[in-house]
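Order of appearance sets the numbers: ligands from 1, and atoms from 1 within every ligand. Predicted model, so just to flag it, every value in this text is computed and none were measured.
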Amino acid sequence: MSDPLVLGIETSCDETAAAVVGPGREVRSSVVASQVDVHARFGGVVPELAGRAHLELLVPVIAEALERAGADGHPPVGAVAATSGPGLMGSLLVGLSHAKALSMAWAVPFVGVNHLEGHLFASLLDHPDLEWPLVVLLVSGGHTMLVLVEGLGRYRLLGQTLDDAAGEAFDKVARFLGLGYPGGPAVDRVAAGGDSGAFAFPRAMAEKGYDFSFSGLKTAVVRAVEREPSASTPDVAASFQEAVVDVLVTKARRAVAATGSKGLCLAGGVAANSLLRARVEAACVEDEVAALVPSQAMCTDNAAMIAAAGQWRLAHGGPSSLDLGADPNLALALGAGTPGQ
Ligand code: KG4
Ligand code: ZN
């Protein structure tokens with residue numbers, strides 16, 4: 001039996017997204033409504049406002065995703081998938097409750113998706129011919145992880161951040177430098193005009209392990225600017241970005257070599273960073289492994305990745321119970337890959 005048409009819903013943070021994915025993980029539509037305008041004047045995501053904005057945006061975003069996909073049957077899709085965690089509680093609940101309601105109204109299966117697994121599936125949508133094992137560097141606003149993917153649903157956590165996530169460090173440094181929100185893209189832009197060798201910021205390599213730490217780097221940036229208030233912002237941004245990317249790429253390369261992986265795959269919002277993308281490409285050419293760098297749209301939050309992960313979970317573990325709750329701290333299910341939802 002071929003995979004059903006799946007409606008994916010993503011509302012874990014500040015993007016309201018819906019998408020339709022068909023058999024063979026074909027993306028029929030992917031609609032993302034960003035809430036940047038809602039949060040920009042506060043310099044970061046305000047959870048209460050995010051939840052309310054999802055409530056307003058979700059129905060029209062789903063309608064547009066269904067229309068663009070030409071999904072106008074009764075029911076329009078064969079299953080509904082939604083992010084159940086991790087993320088902001090109020091935001092997750094909007095998408096999850098809506099997905100359950102649609103599954104009941106249309107009498108089709110509902111499946112809850114782990115947002116992190118969604119990011120792993122995003123790479124599959126751009127690179128359908130992935131070969132295992134593979135190391136994924138998952139770098140987002142809330143997570144920084146090196147994951148060994150031994151096959152679909154079979155994940156081993158090699159390392160993760162001990163304090164700030166890489167995206168969080170970008171956001172905090174951007175805020176400190178007065179570059180606004182969202183911070184990552186702002187630092188990326190400003191750094192393009194700076195000298196990355198201007199400041200020798202620390203690289204927390206934590207010896208030979210695969211864990212990361214970015215809070216010391218953030219503090220070093222603050223100290224440097226306090227010491228030298230006239231420092232060029234592009235130089236500070238470029239030197240900071242260089243330090244983050246250096247650590248991420250050094251550890252990811254080591255992980256690929258140590259596990260005998262066939263490639264290195266980028267995932268999550270920070271994977272949109274231009275320096276990180278360029279360095280991963282270059283490192284993989286040198287190491288003769290595949291570089292799997294998703295399109296910018298597949299790096300940041302979207303619902304196509306949720307629909308794709310949901311389609312796979314549905315085929316391998318069946319539907320989720322309608323009792324499935326939202327879990328702001330949901331961890332990636334590690335190990336043999338028995339779907340546990
Ligand atoms: O995956 P994502 O969209 O949301 C979460 O699941 O967290 O990631 C958002 C994070 C933010 O911290 C944002 O600043 C960062 O990704 N980001 C970037 C860039 N674009 C987005 N960081 C560095 N350079 C970028 N170009
Ligand atoms: Zn994300």
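Using a 4.5 Å cut-off on side-chain heavy atoms (C-beta onward), L134 and L130 make contact. Looking only at side-chain heavy atoms (C-beta outward), P86 and N114 come within less than 4.5 Å of each other.
Evaluated for a side chain to side chain contact (heavy atoms under 4.5 Å, CB included) with I9, the options I306, I62, V61, T16 yield exactly one hit, I62.
For the ligand labelled ligand 1, residue H115 lies inside the 4.0 Å heavy-atom shell. Proximity of P185 to ligand 1 is established by a heavy-atom distance of less than 4.0 Å.
Atoms of ligand 1 lying under 4.0 Å from at least one heavy atom of G141, given by number and element, are 5 (C), 7 (O), 8 (O), 9 (C), 10 (C), 12 (O). When each atom of ligand 1 is checked for a heavy atom of D188 under 4.0 Å away, the hits are 24 (N), 25 (C), 26 (N). Every atom of ligand 1 with a heavy atom of A272 under 4.0 Å away is listed here by number and element: 20 (N), 26 (N).
The Zn ion (ligand 2) has no N, O or S atom of H143 under 2.8 Å away, backbone or side chain. Backbone or side-chain N, O or S atoms of H115 reach the Zn ion (ligand 2) at under 2.8 Å.
Between the side chains of Q241 and N273, at least one donor-acceptor pair of N or O atoms lies under 3.5 Å. Side-chain atoms of S215 and D164 form no donor-acceptor pair, as typed in the model, at a separation below 3.5 Å.
The shortest N/O to N/O separation between P182 and ligand 1 does not fall below 3.5 Å. Not one N or O of E15 is nearer than 3.5 Å to an N or O of ligand 1, by distance alone.
At a heavy-atom cutoff of 4.0 Å, ligand 1 is contacted by both the backbone and the side chain of N273. Heavy atoms of H119 found under 4.0 angstrom from ligand 1 belong exclusively to the side chain. Residue contacts with ligand 1, taken as heavy atom pairs separated by less than 4.0 Å, involve D301 via backbone and side-chain atoms alike.
The Zn ion (ligand 2) lies closest to atom NE2 when only the N/O/S atoms of H119 are considered. Looking only at its N/O/S atoms, D301 has OD1 as the one nearest to the Zn ion (ligand 2).
Taking atom 22 (N) of ligand 1 as the reference point, the nearest protein heavy-atom neighbour is G184 CA, 3.3 Å. Here the protein heavy atom with the shortest distance to atom 11 (C) of ligand 1 is D171 OD2, 3.5 Å.
Contact between V247 and F212 at its shortest, heavy atoms only, is CG1-CD2, 3.8 Å.
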- prompt: Could you go step by step and tell me if F240 and F170 meet the ring-ring contact (aromatic ring centres under 6.0 Å, His included) rule?
  reply: CA-CA 9 Å; F240 159 76; F170 269 98; 5.2 Å; yes
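Going from atom NE2 of H54 over to atom OG1 of T11 covers 5.0 Å, rounded to the nearest 0.5 Å.
A donor-acceptor contact shorter than 3.5 Å links the side chain of N302 to the backbone of T300.
Proximity annotation for atom 21 (C) of ligand 1: of G167, G269, G142, G268, G269 comes nearest, heavy atoms only.
For E281, the CD atom is densely surrounded, since the number of other residues' heavy atoms within 6.0 Å is greater than 12.
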